[in-house]
Amino acid sequence: MWSNVRLLFAKELIGALRDRRTMILTIFFPLFFYPLILAVIGHFATVEQTRVEEMIPRVIVVDHAQNMGFLSYLQLSATITPLFYDNTEEGLADVKLGVAEAMMALEKEAGKPESGLDVTLYYDQTTQAGTVAGARVSTFLEDYLREVIRSKLDALGVDYDVLSPPLSVHVEDIATSESVGKMIISRLLPYFMVLAILTGAMGLGAEITAGEKERGTIATLLVSQLSRTEIVLGKFLTVLTVSLVSSLLSAVGLLIGIRFFGGGLAPTGATATFSLGAGAFGWMIAVLVPLAVILAALVVIVGSFARSQKEASTYLMPIYMIIVLVGLVSMTGGVSFLGARFLIPVANALYALQEIIVGTLEIRHLIYTFVANAFCGGVLITASIRLFKREAVLFRS
Amino acid sequence: MSEAMVEARNLTKLFKTRKGGLRAVDDLSFTCYGGEIFGLLGPNGAGKTTTLRMLATILTPSSGTVMVAGFDTKASPDKVREQIGFLATETGLYDRFTAEETLRFFGRINRLTEAEIEERTERILDMLELTSLASRRVGTFSTGEKQKLSLARSIIHNPPVLIFDEPTFGLDVMAGRAVIETIQLFREQGHTIILSTHIMQVAEKLCSRIGILYRGRLHALGTLGALRSRFGKEDLEDIFFAAVEGEATC
């Protein structure tokens, strides 16, 4: 049996290697496009970070309080550029137009001493410039408040430092540049590797299953000495191989990109060193193989059922969207994935890969992932063979 | 008379449809003898392709039996497949393979040795005047060249029975003629050929005996001469309409 499977596998693989689309999608795209896109993203992230750090936001000031102390303090500020307006509506309109990044409206605080100020801060938190301007104005107002208190206490002959709250907070990030690097890799690599398995499997899988029906070549295989089980296994192994190669090359492309251009992906103020050991890579492959079995078998099932490549692509799209969605959730790190949750096929692989990269792998999670995905893959391979033997499916019209 | 190479007995095929069931082939019986070209003549939807697919073990009959070279298609499909070469309506070739690679692949999956593949590939390419195209990828072939290579593929393992579904379908006059000549050549070499066609001239030119198939049922069977005398018509098209009279809607 296996010699026949090998024959078909070799034929399908040669066909895939001669297909320009497969080569572009499987080799060129991950190896060249990923580093390129990371270089572009990294460049723009660095430029944007520098721009934000150097930005002195323009802040419209609508002053109805005429507080000279405040205005003098404002004029001395090096962190914001005030633009004085008479009218709030006019100021707001100009903030929306981008003339300034924020606006503060000053009113005398009702029922308070003369120096009391009621400040309303306006900014658009959906823009980065607006958020930065809002934060700068808040800091400016806190500094102003501290100065007012200090000068009032001085007038009363009291030392501000004696009365200031007995608490000083020092924040220190204990993350090393290596752990920051691993965090970045753990968010990106699993997602792209899993996605690459599916994209690698989808194009080729649809072509060698539904495409074979569409072109009429399937009949020539069915009347040969190949059994239907051998045909399915030959095609399945081809899809599996190409999808795994696609995934591994995606990892290589992404790691090259991150290694050379990933600095801009580190959080503001942090530095990142990127490295991934051979051991971790080995564990990752152990997780990826059963996952690739699931996805390759799914593609073969859909391809066998569909009447044409186009129909197969349409049916595969929801599967692709589910993987994208699950991948995005895992990438944001918003859902904690623990214990028995590692029995959930596909999603478990994404989280197991993250654990492997970060170095927090629990062997229990690895076993759950492997067993669940291998079982699921086995069921799907069996289903694909059974489906391929059904005339009503193979010759659906 | 030569020995029977293909025997269909009470062959029936039912397909499930949304509206219930479709009897694509209905109680069909015929025998095809060694060395003859047997033609199934009928319009689209007559059940020709379904019949040929059952002979080739691609489809399983709902009832009835088919014996090919002494083997039952249900009981011994593997043995039957060793005895047949099959050409579907489509060419059934892989565009990214050369002619030589195509024959090599089909030789291998039909369990020929490398030496046999080598020898037969050279001989068949030469016989069908395809040697100059041996190293060219199939995707660059004309329709006629593709069909000739498909025919070459179907005989790579030298099967005694050849089953061709509409072998001249979609071909221009030149390519069609080349295919007809190739099929005649196969008969001269001793192959038994069953083909389907809806083209009367192809049936007239090639077939020793003709079965007229319409709506899944065999309406007439015999040599062209026998059919002419039975229906009192010269032209095969007139014979066809006379045979299906009463059932034909046009």
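So you know, we letter chains A, B, ... as the sequences are listed, proteins then strands, and number each from 1.
Heavy-atom neighbours of B/E119 CD from other residues, nucleotides or ligands within 6.0 Å: above the threshold of 12. Few gaps surround CZ on B/F15; more than 12 heavy atoms of other groups in view lie less than 6.0 Å from it. A 6.0 Å sphere centred on NZ of B/K74 holds more than 12 heavy atoms belonging to other residues, nucleotides or ligands. The neighbour count for B/F169 CZ, taken as heavy atoms of other residues, nucleotides or ligands under 6.0 Å away, does not exceed 12. The environment of A/R259 atom CZ is sparse: at most 12 non-hydrogen atoms of other residues, nucleotides or ligands sit within 6.0 angstrom. Annotation: B/R136, atom CZ; neighbour count of heavy atoms from other residues, nucleotides and ligands within 6.0 Å is above 12. Remark: B/E122 CD is loosely packed, at most 12 non-hydrogen atoms of other residues, nucleotides or ligands lying under 6.0 Å away.
With 3.5 Å as the limit, one finds no donor-acceptor pair spanning the side chains of B/Y94 and A/E12.
In this structure, the side chain of B/R81 does not engage the main chain of A/V223 through any donor-acceptor pair within 3.5 Å.
A salt bridge does not link A/E391 to B/R53: none of the charged nitrogens lies less than 4.0 Å from a carboxylate oxygen.
At a 4.5 Å heavy-atom cutoff, the contact between B/F97 and chain A is made by backbone and side-chain atoms alike. Of the two parts of B/K13, only the side chain, counted from C-beta on, holds a non-hydrogen atom closer than 4.5 Å to a non-hydrogen atom of chain A. Contact of A/E230 with chain B is not made at all, since no heavy-atom distance falls under 4.5 Å.
Under the side-chain contact (heavy atoms from CB on, under 4.5 Å) rule, B/I109 has a single partner from A/I231, A/N4, A/L221, which is A/L221. Exactly one residue among B/L59, B/T57, B/I58 makes a side-chain contact (heavy atoms from CB on, under 4.5 Å) with A/L222. That residue is B/I58.
Note that the CG atom of A/L226 and the CZ atom of B/R111 stand 8.5 Å from one another [nearest 0.5 Å].
Among B/D78, B/D95, B/I163, B/T60, the residue making the largest number of heavy-atom pairs under 4.5 Å with chain A is B/T60. In terms of non-hydrogen atom pairs under 4.5 Å with chain B, the most contact-rich of A/S227, A/A219, A/A10, A/S3 is A/A219.
At least one side-chain heavy atom of B/R137 sits less than 4.5 Å from a side-chain heavy atom of A/R18.
In plain terms, the two heavy atoms of A/Q225 and B/E82 that are nearest each other are NE2-N, 3.1 Å.
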